[in-house]
Novice: 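Next up is a structure, given as C-alpha cells.
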Amino acid sequence: MPDSERLPSLRSRRPARRLRRSELPVDTIKLSRYLVGKTLVHDLPEGRVSGRIVETEAYPVGDAAAHSFRGQTPRNGSLFLARGHAYVYFAYGSSWMMNISSEAAGVGAGVLIRALDPIEGIDIMERNRGVSRLTDLTRGPGRLAQAMHINKAQDGLDLCSPHSPLWLGSAIQPTGAVGITTRIGLSREAHRLFRFFERGNPFVSGPRSLLG
DNA sequence: GTATGGATGTTCT
DNA sequence: GAACATCCATACT
C-alpha cells in the first residue's frame, strides 16, 4: 500500500526541501529547538525513509554530559565538524545514536535526535525494526536509527551536502507547540532544560507535556 | 498504564 | 571494574 493511502494527510503535506547549512542556527541550543518539526530523510537503495523530527536534546560546549566535553577522540570526532554533520555512535551494546554537529568546525557540540514521526517508507522501517506497530518504529534514539538504517557508515556525513543520501529537510506541515524538559537518562548535568519536543506528539519518548 | 532487571559493547577510571 | 545520551521482556496495578 502506498504511503499516500496509508497516511491520507500526506497528500496535503508539502515536499521537504533540503536545508542549507546557512539556514541552521549557529548555536547548539537554538539548533536543537529549530530542528523540532524539520525532516530527516535517508535515501536507501530500496527506497526513501523519512520522518518529522519531534524530539531533540542539546549537548552544548561546556556540558559535562556531552561526549565532546573531554576533547576530541577517534569516537567523537564528527562532533567537531561544522554544524550539519552526522555524529553516529554505538551505545549500550545494542543501539546506534544519531546526532547532528552544531557549532563551527573545531568546536565540539551536537544535537541528539531522539524521536521521529514516520512519514515515508514505513514498510521499510517495519522490516528494519522487525515490528509493525507504528508507535514502536521511531520512538527513541536507538529505534529511529535502526528504522532509518543509520549506523557507523553514516558517521561524519555532511547532511547539508547537495547530494548526500542522508539529509535534513524543511518542515512539511506546521509545527506544533514545542515543550522543554530536562534530558533523559543522564546523571551529570541532569537539571539542565535541554530537551525539546513537539507537545502531545505520540512518537515522543518520555514526557511530552511539561513546560514549553 | 508504570516498574524493574538483564543483555549488550565501548569508553573511561 | 564501573558507567553509559538504550531496548526489550516481564511483572504488576
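Note on naming: letters A, B, ... go to the chains in the order of the sequence lines (proteins, then strands), and numbering restarts at 1 for each one.
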Novice: Can you confirm if the NZ or CZ of A/Arg52 lies within 45° of the ring axis of A/Phe203 and under 6.0 Å from the centre of its six-membered ring?
Specialist: no

Novice: Could you state the CZ-C1' distance from A/Arg143 to C/dA5, rounded to the nearest angstrom?
Specialist: 15 Å

Novice: Would A/Val131 end up clustered with A/Trp96 when hydrophobic side chains under 4.5 Å apart are linked, directly or stepwise?
Specialist: yes

Novice: Between B/dT13 and A/Arg70, is there an OP1 or OP2 to side-chain N/O distance shorter than 4.0 Å?
Specialist: yes

Novice: With nearest nucleotide decided by heavy atoms, which residue, A/Arg139 or A/Ser187, maps closer to the 5′ end of DNA chain C?
Specialist: A/Ser187

Novice: OP1 or OP2 of C/dC4 less than 4.0 angstrom from a side-chain nitrogen or oxygen of A/Arg75, does that happen here?
Specialist: no

Novice: For A/Lys152 and B/dG9, give me the distance from atom NZ to atom P, rounded to whole Å.
Specialist: 16 Å

Novice: Starting at CG of A/Leu112 and ending at P of C/dC4, how long is that distance when rounded to a whole Å?
Specialist: 16 Å

Novice: Within this structure, what is the OH-to-P distance between A/Tyr92 and B/dG5, rounded to whole angstrom?
Specialist: 16 Å

Novice: Please give, in whole Å, the distance from C/dC8 P to A/Asp136 CG?
Specialist: 7 Å

Novice: From CG of A/Leu193 over to C1' of C/dA5, roughly how many Å is that when rounded to an integer?
Specialist: 16 Å

Novice: Answer with base, sugar-phosphate or nothing: what part of the nucleic acid does A/Arg195 contact at a heavy-atom distance below 4.0 Å?
Specialist: nothing

Novice: Is it true that A/Ser78 and A/Asp155 share a donor-acceptor pair across their side chains at a distance under 3.5 Å?
Specialist: yes

Novice: Determine which nucleotide pairs with B/dT4, using a 3.5 Å limit on both distances of a Watson-Crick or G-U wobble pair.
Specialist: C/dA9

Novice: Regarding A/Ser170 and A/Arg17, do their side chains bring together a donor and an acceptor under 3.5 Å, going by distance alone?
Specialist: no

Novice: Closest-nucleotide mapping onto DNA chain C: is A/Ala66 or A/Gln146 further toward the 5' terminus? I mean the 5' end.
Specialist: A/Ala66

Novice: Answer yes or no for this row: A/Tyr59 ring on C/dA5 base, centroids under 5.5 Å, planes under 30°.
Specialist: yes

Novice: Taking atom types as modelled, is there a side-chain donor on A/Glu103 or A/Thr28 under 3.5 Å from an acceptor on the other?
Specialist: yes

Novice: Looking at B/dC12, B/dG9, C/dC7, which one has an atom nearest to any side-chain atom of A/Phe90?
Specialist: B/dG9

Novice: For B/dT8, does either OP1 or OP2 sit under 4.0 Å from a side-chain N or O belonging to A/Ser95?
Specialist: no

Novice: Consider the side chain of A/Tyr89, meaning its heavy atoms from C-beta on, and name the nucleotide among C/dA5, C/dT6, B/dC12 that approaches it most closely.
Specialist: C/dA5

Novice: Once you round it to whole Å, what is the distance between P of C/dC7 and CG of A/Leu144?
Specialist: 8 Å

Novice: Roughly how many Å is it from NE2 in A/His67 to C1' in C/dT6, rounded to a whole number?
Specialist: 12 Å

Novice: Report yes if at least one side-chain N or O of A/Arg188 is closer than 4.0 Å to OP1 or OP2 of C/dA3; otherwise report no.
Specialist: no

Novice: Just compare B/dC12, C/dT6, C/dC8 and give me whichever is closest to any side-chain atom of A/Arg114.
Specialist: C/dT6

